[in-house]
Amino acid sequence: MFTDTHCHIFKEYYEDIDEIINNANNSKINRIIVASDNQSTANEVLDLVSKYDNVYGCIGLHPENIDEEFDYSIFDKLPSKIIAIGEIGLDYYYTKDNKEKQIEVLRKQLSIAQRLNLPVVIHSREATQDTINVLKDYKVKGVIHSFSGSLETAKIYIKMGFKLGINGVITFKNCNLKDVYKELSPRDIVLETDSPYLTPVPYRGQRNEPARVLDIAMFLCNLYNIDLYELSRVTNDNIKEIFNI
Ligand code: NI
(Lines give C-alpha, C1' and ligand atoms only; values in the text may rest on other atoms or scores of the structure.)
Protein backbone atom coordinates (compact mmCIF):
# COMPACT_ATOMS: atom_id res chain seq x y z
CA MET A 1 0.00 0.00 0.00
CA PHE A 2 1.17 3.52 -0.84
CA THR A 3 0.35 7.06 0.27
CA ASP A 4 -0.10 10.11 -1.92
CA THR A 5 1.81 12.54 0.32
CA HIS A 6 0.82 15.67 -1.61
CA CYS A 7 -2.24 16.51 -3.66
CA HIS A 8 -4.93 19.14 -4.07
CA ILE A 9 -8.20 17.23 -4.44
CA PHE A 10 -10.49 20.23 -4.24
CA LYS A 11 -13.97 20.98 -5.62
CA GLU A 12 -12.46 23.41 -8.08
CA TYR A 13 -10.82 20.49 -9.94
CA TYR A 14 -12.93 17.41 -9.15
CA GLU A 15 -16.68 16.97 -9.32
CA ASP A 16 -16.70 13.71 -7.43
CA ILE A 17 -14.15 13.35 -4.64
CA ASP A 18 -15.68 10.00 -3.54
CA GLU A 19 -14.78 8.57 -6.93
CA ILE A 20 -11.22 9.93 -6.76
CA ILE A 21 -10.74 8.33 -3.34
CA ASN A 22 -12.20 5.02 -4.54
CA ASN A 23 -9.90 5.04 -7.56
CA ALA A 24 -6.96 5.55 -5.21
CA ASN A 25 -8.02 2.71 -2.92
CA ASN A 26 -8.37 0.43 -5.96
CA SER A 27 -4.79 1.29 -6.98
CA LYS A 28 -3.12 0.35 -3.69
CA ILE A 29 -3.19 3.97 -2.43
CA ASN A 30 -4.61 3.67 1.07
CA ARG A 31 -3.76 7.13 2.40
CA ILE A 32 -3.97 10.60 0.90
CA ILE A 33 -2.44 13.80 2.28
CA VAL A 34 -4.15 16.93 0.96
CA ALA A 35 -2.26 20.24 1.00
CA SER A 36 -3.88 23.65 1.20
CA ASP A 37 -2.48 26.77 -0.41
CA ASN A 38 -4.81 29.52 0.84
CA GLN A 39 -7.72 30.15 3.21
CA SER A 40 -10.49 28.52 1.19
CA THR A 41 -8.48 25.37 0.44
CA ALA A 42 -7.46 25.23 4.11
CA ASN A 43 -11.16 25.10 4.98
CA GLU A 44 -11.67 22.36 2.39
CA VAL A 45 -8.80 20.37 3.88
CA LEU A 46 -10.51 20.52 7.27
CA ASP A 47 -13.75 19.22 5.71
CA LEU A 48 -11.96 16.42 3.83
CA VAL A 49 -10.07 15.08 6.86
CA SER A 50 -13.27 14.97 8.89
CA LYS A 51 -15.22 13.26 6.12
CA TYR A 52 -12.73 10.57 4.99
CA ASP A 53 -10.89 8.22 7.37
CA ASN A 54 -7.86 7.80 5.14
CA VAL A 55 -7.39 11.48 4.25
CA TYR A 56 -4.90 13.60 6.20
CA GLY A 57 -4.12 17.25 5.70
CA CYS A 58 -1.59 20.05 5.66
CA ILE A 59 -2.60 23.62 6.35
CA GLY A 60 -0.55 26.57 5.13
CA LEU A 61 -0.35 29.65 2.96
CA HIS A 62 1.47 29.14 -0.36
CA PRO A 63 3.99 31.82 -1.45
CA GLU A 64 1.94 32.66 -4.55
CA ASN A 65 -1.04 33.58 -2.34
CA ILE A 66 0.57 35.80 0.27
CA ASP A 67 -1.50 38.81 -0.75
CA GLU A 68 -4.74 36.98 0.00
CA GLU A 69 -6.40 37.16 3.40
CA PHE A 70 -5.37 34.33 5.67
CA ASP A 71 -6.56 33.81 9.22
CA TYR A 72 -3.61 32.45 11.17
CA SER A 73 -5.88 31.57 14.09
CA ILE A 74 -6.65 28.40 12.08
CA PHE A 75 -3.40 27.06 13.55
CA ASP A 76 -4.70 27.47 17.11
CA LYS A 77 -7.14 24.59 16.88
CA LEU A 78 -5.84 22.05 14.40
CA PRO A 79 -7.44 18.59 14.55
CA SER A 80 -5.05 15.64 14.94
CA LYS A 81 -5.46 14.66 11.28
CA ILE A 82 -3.69 17.86 10.25
CA ILE A 83 -0.22 16.41 10.26
CA ALA A 84 1.92 19.20 8.81
CA ILE A 85 2.16 22.90 7.98
CA GLY A 86 2.10 23.30 4.20
CA GLU A 87 2.44 23.95 1.53
CA ILE A 88 4.62 26.89 2.39
CA GLY A 89 7.82 28.21 0.90
CA LEU A 90 9.35 30.56 -1.65
CA ASP A 91 8.55 30.94 -5.34
CA TYR A 92 10.57 33.41 -7.43
CA TYR A 93 9.38 32.01 -10.77
CA TYR A 94 6.77 34.69 -11.51
CA THR A 95 8.31 37.44 -9.43
CA LYS A 96 10.91 38.03 -6.79
CA ASP A 97 9.81 41.63 -6.22
CA ASN A 98 7.93 40.49 -3.13
CA LYS A 99 10.65 38.25 -1.82
CA GLU A 100 10.93 40.01 1.54
CA LYS A 101 7.26 39.39 2.16
CA GLN A 102 7.51 35.77 0.96
CA ILE A 103 10.33 35.18 3.43
CA GLU A 104 8.40 36.87 6.23
CA VAL A 105 5.32 34.69 5.63
CA LEU A 106 7.47 31.57 5.43
CA ARG A 107 9.27 32.42 8.68
CA LYS A 108 5.98 33.06 10.43
CA GLN A 109 4.69 29.61 9.46
CA LEU A 110 7.98 27.88 10.28
CA SER A 111 7.77 29.37 13.78
CA ILE A 112 4.25 28.01 14.12
CA ALA A 113 5.39 24.55 12.95
CA GLN A 114 8.22 24.60 15.45
CA ARG A 115 5.91 25.66 18.27
CA LEU A 116 3.31 23.00 17.40
CA ASN A 117 6.05 20.42 16.80
CA LEU A 118 4.68 19.68 13.32
CA PRO A 119 6.67 18.92 10.17
CA VAL A 120 6.55 21.24 7.16
CA VAL A 121 5.83 20.71 3.46
CA ILE A 122 8.04 23.06 1.48
CA HIS A 123 7.44 24.50 -1.97
CA SER A 124 10.60 26.03 -3.42
CA ARG A 125 10.90 27.23 -7.01
CA GLU A 126 13.91 29.16 -8.27
CA ALA A 127 14.65 30.03 -4.66
CA THR A 128 16.94 27.24 -3.46
CA GLN A 129 19.54 29.30 -1.63
CA ASP A 130 17.03 31.46 0.24
CA THR A 131 14.97 28.39 1.14
CA ILE A 132 17.98 26.64 2.64
CA ASN A 133 19.10 29.77 4.50
CA VAL A 134 15.68 30.31 6.04
CA LEU A 135 15.10 26.64 6.95
CA LYS A 136 18.46 26.56 8.74
CA ASP A 137 17.10 28.92 11.38
CA TYR A 138 14.40 26.48 12.52
CA LYS A 139 14.29 23.10 14.14
CA VAL A 140 11.84 21.51 11.74
CA LYS A 141 11.80 18.44 9.55
CA GLY A 142 9.54 17.71 6.62
CA VAL A 143 9.29 17.22 2.89
CA ILE A 144 10.69 19.26 0.01
CA HIS A 145 7.65 18.91 -2.21
CA SER A 146 8.25 18.24 -5.93
CA PHE A 147 12.01 18.35 -5.48
CA SER A 148 13.69 18.97 -8.84
CA GLY A 149 17.11 20.38 -7.96
CA SER A 150 20.66 19.09 -8.21
CA LEU A 151 22.18 16.15 -6.38
CA GLU A 152 24.19 18.58 -4.28
CA THR A 153 21.03 20.43 -3.20
CA ALA A 154 19.28 17.12 -2.51
CA LYS A 155 22.06 16.10 -0.16
CA ILE A 156 21.85 19.40 1.74
CA TYR A 157 18.11 18.96 2.34
CA ILE A 158 18.51 15.32 3.35
CA LYS A 159 21.21 16.27 5.85
CA MET A 160 18.82 18.87 7.31
CA GLY A 161 16.27 16.12 8.00
CA PHE A 162 14.06 16.46 4.94
CA LYS A 163 12.68 13.85 2.58
CA LEU A 164 12.24 14.65 -1.10
CA GLY A 165 8.76 14.53 -2.63
CA ILE A 166 8.84 12.79 -5.98
CA ASN A 167 6.02 12.93 -8.52
CA GLY A 168 5.13 12.42 -12.18
CA VAL A 169 7.86 14.79 -13.33
CA ILE A 170 10.37 11.96 -13.03
CA THR A 171 8.52 10.02 -15.74
CA PHE A 172 8.73 12.87 -18.27
CA LYS A 173 10.88 12.35 -21.34
CA ASN A 174 14.16 14.26 -21.31
CA CYS A 175 13.90 14.71 -17.55
CA ASN A 176 17.34 14.42 -15.97
CA LEU A 177 15.85 14.14 -12.50
CA LYS A 178 16.23 10.37 -12.94
CA ASP A 179 20.00 10.78 -12.73
CA VAL A 180 19.69 12.69 -9.46
CA TYR A 181 17.33 10.20 -7.83
CA LYS A 182 19.37 7.26 -9.05
CA GLU A 183 22.19 8.52 -6.80
CA LEU A 184 19.86 8.75 -3.81
CA SER A 185 18.24 6.00 -1.79
CA PRO A 186 14.54 5.11 -1.41
CA ARG A 187 15.17 6.08 2.23
CA ASP A 188 15.31 9.72 1.07
CA ILE A 189 11.99 9.96 -0.77
CA VAL A 190 8.23 10.07 -0.40
CA LEU A 191 5.78 9.67 -3.27
CA GLU A 192 3.25 12.30 -4.29
CA THR A 193 1.14 13.26 -7.29
CA ASP A 194 0.57 17.02 -6.80
CA SER A 195 -2.84 16.32 -8.40
CA PRO A 196 -4.43 17.81 -10.42
CA TYR A 197 -1.03 18.81 -11.87
CA LEU A 198 2.02 16.90 -13.16
CA THR A 199 0.27 13.82 -14.57
CA PRO A 200 2.83 11.04 -15.16
CA VAL A 201 3.61 9.41 -18.50
CA PRO A 202 1.67 7.83 -20.26
CA TYR A 203 -1.32 9.88 -19.08
CA ARG A 204 0.07 13.32 -19.95
CA GLY A 205 -2.71 15.70 -20.96
CA GLN A 206 -5.23 14.10 -18.58
CA ARG A 207 -6.06 15.42 -15.14
CA ASN A 208 -3.91 13.82 -12.46
CA GLU A 209 -5.31 11.99 -9.40
CA PRO A 210 -3.90 10.19 -6.33
CA ALA A 211 -4.34 6.73 -7.96
CA ARG A 212 -1.41 7.65 -10.21
CA VAL A 213 1.02 7.22 -7.31
CA LEU A 214 1.12 3.60 -8.40
CA ASP A 215 2.54 4.60 -11.81
CA ILE A 216 5.23 6.68 -10.11
CA ALA A 217 5.97 3.77 -7.76
CA MET A 218 6.40 1.35 -10.67
CA PHE A 219 8.74 3.77 -12.40
CA LEU A 220 10.86 3.99 -9.23
CA CYS A 221 10.93 0.21 -8.78
CA ASN A 222 12.64 0.08 -12.17
CA LEU A 223 15.02 2.88 -11.28
CA TYR A 224 16.07 1.31 -7.95
CA ASN A 225 15.67 -2.29 -9.06
CA ILE A 226 13.41 -3.19 -6.13
CA ASP A 227 9.85 -4.55 -6.03
CA LEU A 228 6.66 -2.71 -5.09
CA TYR A 229 6.55 -4.41 -1.71
CA GLU A 230 10.01 -3.14 -0.77
CA LEU A 231 9.33 0.38 -2.07
CA SER A 232 6.10 0.53 -0.12
CA ARG A 233 7.77 -0.68 3.05
CA VAL A 234 10.60 1.88 2.85
CA THR A 235 8.46 4.86 1.83
CA ASN A 236 5.90 4.09 4.53
CA ASP A 237 8.74 4.08 7.08
CA ASN A 238 9.81 7.48 5.72
CA ILE A 239 6.27 8.81 6.10
CA LYS A 240 6.11 7.51 9.65
CA GLU A 241 9.41 9.22 10.44
CA ILE A 242 8.31 12.60 9.07
CA PHE A 243 4.54 12.76 9.60
CA ASN A 244 4.11 10.21 12.40
CA ILE A 245 1.28 8.36 10.61
NI1 NI B 1 1.28 21.30 -4.50
Side-chain angles (χ1 to χ4, degrees), residues 2-14 17 20-21 24 29 31-49 55-68 70 74 81-94 102 105-106 109-110 113 118-128 131 135 140-149 157 162-172 175 177 189-200 203-204 206-213 215-216 235 238-239 242-243 245:
F2 290 93
T3 301
D4 185 352
T5 63
H6 188 110
C7 64
H8 308 277
I9 46 169
F10 300 124
K11 287 179 227 149
E12 185 187 347
Y13 312 112
Y14 302 94
I17 307 266
I20 293 298
I21 294 194
I29 314 307
R31 296 183 301 191
I32 295 171
I33 302 176
V34 186
S36 77
D37 51 20
N38 65 5
Q39 185 70 55
S40 73
T41 55
N43 294 337
E44 271 192 67
V45 167
L46 291 174
D47 289 345
L48 287 167
V49 301
V55 173
Y56 298 82
C58 312
I59 300 272
L61 180 60
H62 188 286
E64 279 176 40
N65 301 326
I66 54 172
D67 291 327
E68 293 181 22
F70 189 77
I74 197 167
K81 286 179 81 195
I82 300 303
I83 53 168
I85 305 299
E87 62 179 282
I88 60 176
L90 301 175
D91 193 324
Y92 300 163
Y93 179 76
Y94 295 108
Q102 288 196 37
V105 170
L106 173 60
Q109 295 181 94
L110 287 169
L118 283 174
V120 292
V121 174
I122 298 294
H123 169 105
S124 175
R125 185 157 55 161
E126 300 196 0
T128 302
T131 304
L135 286 175
V140 290
K141 57 184 180 176
V143 170
I144 307 298
H145 148 61
S146 196
F147 176 78
S148 58
Y157 283 133
F162 286 84
K163 303 288 181 198
L164 308 177
I166 184 165
N167 53 42
V169 171
I170 197 163
T171 68
F172 296 178
C175 170
L177 213 47
I189 63 171
V190 293
L191 311 189
E192 59 174 51
T193 59
D194 205 21
S195 299
Y197 315 109
L198 305 179
T199 309
Y203 307 100
R204 298 283 288 147
Q206 297 176 31
R207 180 188 62 186
N208 205 1
E209 59 175 271
R212 300 272 181 248
V213 162
D215 300 277
I216 298 158
T235 51
N238 297 344
I239 289 165
I242 296 291
F243 295 115
I245 57 167

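As the structure lists them, so they are numbered: ligands from 1, and atoms in each ligand from 1.
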Subject >> Side-chain donor or acceptor of Arg212 paired with backbone N/O of Pro200 under 3.5 Å >> reply: no
Subject >> Any N, O or S atom of His62 closer than 2.8 Å to the Ni ion (ligand 1) >> reply: no
**OP:** Have a look at His8 and tell me which of Ser195, Pro196, Ser36 forms a side chain to side chain contact (heavy atoms under 4.5 Å, CB included) with it.
**Re:** Pro196
**OP:** Name whichever N, O or S atom of Asp194 ends up nearest to the Ni ion (ligand 1).
**Re:** OD1
Subject >> Nearest non-hydrogen partners of Glu209 and Tyr14, listed with the distance >> reply: CA-OH, 4.1 Å
Subject >> Angle at the Ni ion (ligand 1) (to 10°), with one arm to NE2 of His6 and the other to NE2 of His8 >> reply: 90°
Original post:
Can you name the N/O/S atom of Glu87 that is nearest the Ni ion (ligand 1)?
Top reply: OE2
Subject >> Over 12 foreign heavy atoms within 6.0 Å of CZ, Phe172 >> reply: yes
